[in-house]
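Heads up: the structure comes next, in structure tokens.
Numbered from 1 within each chain, the chains take letters A, B, ... in sequence-line order. On a predicted model such as this, the values are computed, not experimentally measured, just so you know.
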Amino acid sequence: MPHSLFIDIPDNFSFRSTIYSHGWCELAPFEIDETNWRLTYVFRQRNGSRPVAGTIFEDAGRLRIELGSKPVSRKKIIDDVRHILRLDDDLNGLYESVADHERLSWVVEKSAGRLLRSPTVFEDLVKTICTTNCSWSLTKKMVANLVEKLGEPTARGKRAFPTPEAMAGVSADFYRDEIRAGYRSPYFVELAEAVASGKLDPQSWLTSDLPTPELKKEMKKVKGVGDYAAENLLKLVGRYDGLALDSWLRSQFYKNHNNAKVCADKKIERHYKKFGKWRGLVIWCDMTEKWIN
DNA sequence: GCGTCCAGGTCTACC
DNA sequence: GGTAGACCTGGACGC
């Protein structure tokens with residue numbers, strides 16, 4: 001007998017647009033079923049209890065979470081789902097800024113703009129470092145290795161994303177040899193030790209009062225986090241005033257707005273300047289239109 | 001089969 | 001503050 005939880009769907013929310021908003025749905029312990037439009041994630045639980053896998057899908061106008069076993073805390077699972085799907089984000093400002101735009105009005109129609117994220121900023125931070133200077137296939141492999149080799153198993157064998165403590169418990173050689181993380185290996189050891197010891201609290205970035213440029217500086221203190229990674233993380237904590245330009249985003253801009261010719265980042269920045277604090281989200285929606293539509 | 005390039009960049013040393 | 005060179009990995013590509 002499955003254990004199911006239900007969440008009402010808020011206005012301006014699209015389950016499909018959200019779970020397919022960027023590549024995160026392909027990174028373990030997320031799994032996406034594009035045939036039936038279901039998203040599975042392995043949730044950590046409180047009190048040292050085993051993680052539990054949950055599959056999220058739309059069911060009669062609500063979101064249903066079908067769990068592999070009875071949860072210790074229903075509230076913890078629901079809070080995590082609300083967080084990863086950005087159910088409580090207010091994107092009215094984004095929609096107002098693109099509503100009359102010839103090329104971008106679809107964002108309103110499709111209720112796009114909610115970027116899927118992990119339950120913890122630590123997990124998003126590690127995953128973001130795994131996206132730097134490598135192919136997407138290698139990113140997926142590194143993250144899958146982290147989950148497979150360091151994640152705690154559910155009763156049925158799926159695994160959660162590893163805790164900072166678990167990641168701090170292995171050496172740089174382990175990251176090199178088992179995770180295939182290459183030069184990122186010592187970065188992961190340093191990061192995990194800092195978070196496990198309480199010296200660094202990435203979760204506090206969600207509610208930080210720091211202005212965005214200052215918060216970005218804080219993020220860049222983490223080894224392996226540069227401009228792109230910090231701006232990607234800023235988006236995941238709800239700040240969209242950085243473009244998070246990477247090679248993929250640049251190439252898409254060249255194709256869509258510059259006759260496939262390379263141009264300086266400043267030109268890209270000028271193009272989206274008018275969208276103000278929403279510009280990071282606007283460029284992302286603009287470049288991923290084909291994914292959603 | 002082998003060498004080179006480069007992908008959802010960043011760090012360090014040097015100027 | 002700006003820039004060159006090094007850095008792991010693994011898939012794609014040319015030869």
Say we look at [N] and [M]: how far apart would their [atom1] atoms be, to the nearest angstrom?
| N | M | atom1 | answer |
| --- | --- | --- | --- |
| C:dT3 | B:dG8 | P | 24 Å |
| B:dC5 | C:dG5 | P | 14 Å |
| C:dC8 | B:dA13 | P | 15 Å |

Exercise: do A:Asp286 and A:Tyr272 side chains pair donor with acceptor under 3.5 Å: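 Judged by distance alone, the side chains do pair up.
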
Pair A:Trp248 and A:Trp284, ring centroids less than 6.0 Å apart: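 Between A:Trp248 and A:Trp284, the centre distance is under 6.0 Å.
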
Crowded around [X] [atom1]? As in, over 12 foreign heavy atoms under 6.0 Å?
| X | atom1 | value |
| --- | --- | --- |
| A:Asp88 | CG | yes |
| A:Lys158 | NZ | no |
| A:Arg103 | CZ | yes |

With the side chain of [X] defined as its heavy atoms from C-beta on, choose the nearest nucleotide among [options].
| X | options | value |
| --- | --- | --- |
| A:Cys134 | B:dT10, B:dG8, B:dA7 | B:dA7 |
| A:Ser135 | B:dC11, B:dA7, B:dT10 | B:dA7 |
| A:Ser137 | C:dT9, C:dG11, B:dA7 | C:dG11 |
| A:Tyr183 | C:dT9, C:dC8, B:dG8 | C:dC8 |
| A:Ala229 | B:dG9, B:dG8, B:dT10 | B:dT10 |
| A:Trp284 | B:dC11, B:dG8, C:dG10 | B:dG8 |
| A:Arg176 | C:dC8, C:dG10, B:dG8 | C:dC8 |

Sugar-phosphate only, base, or nothing, as touched by A:Leu249 at under 4.0 Å among non-hydrogen atoms: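 Touches nothing.
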
What is the distance, to the nearest angstrom, from the [atom1] atom on [X] to the [atom2] atom on [N]?
| X | N | atom1 | atom2 | result |
| --- | --- | --- | --- | --- |
| A:Phe188 | C:dC8 | CZ | P | 13 Å |
| A:Lys141 | B:dG8 | NZ | C1' | 19 Å |
| A:Asn133 | C:dG11 | CG | P | 16 Å |
| A:Tyr187 | C:dT9 | OH | P | 14 Å |
| A:Trp291 | B:dG8 | CH2 | P | 10 Å |
| A:Glu190 | B:dC11 | CD | C1' | 12 Å |
| A:Asp227 | C:dT3 | CG | P | 13 Å |
| A:Trp248 | B:dG9 | CH2 | C1' | 17 Å |

Contact nearer the 5' end of DNA chain B, comparing A:Val222 with A:His22: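 Looking at DNA chain B, the more 5' nearest nucleotide goes with A:His22.
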
Runs of at least three Watson-Crick or G-U pairs with DNA chain C, cut-off 3.5 Å: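 Counting only runs of 3 or more consecutive pairs, the stems involving DNA chain C are B:1-7 with C:9-15, B:9-15 with C:1-7.
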
Candidates A:Trp106, A:Phe275, A:Tyr95 - the one meeting ring pair (Phe, Tyr, Trp, His ring centres under 6.0 Å) with A:His101: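 One option only clears the test, and that one is A:Phe275.
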
Presence of A:Lys223 side-chain N/O under 4.0 Å of B:dT12 phosphate oxygens OP1/OP2: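 Looking at the OP1 and OP2 atoms of B:dT12, one of them is under 4.0 Å from a side-chain N or O of A:Lys223.
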
B:dT10 OP1/OP2 closer than 4.0 Å to side-chain N/O of A:Arg184: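 Checking A:Arg184 against B:dT10: no side-chain N or O falls below 4.0 Å of OP1 or OP2.
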
Aromatic stack A:Trp136/B:dG8: centroid gap under 5.5 Å, interplanar angle under 30°: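 Aromatic stack with B:dG8 present for A:Trp136.
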
Inter-residue atom distance A:Trp205.CH2 - A:Phe122.CZ, 0.5 Å rounding: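 Interatomic distance, A:Trp205 CH2 to A:Phe122 CZ, rounded to 0.5 Å: 10.5 Å.
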
Carboxylate-amine/guanidinium contact A:Arg50 A:Glu152, below 4.0 Å: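 No, no charged N to carboxylate O under 4.0 Å.
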
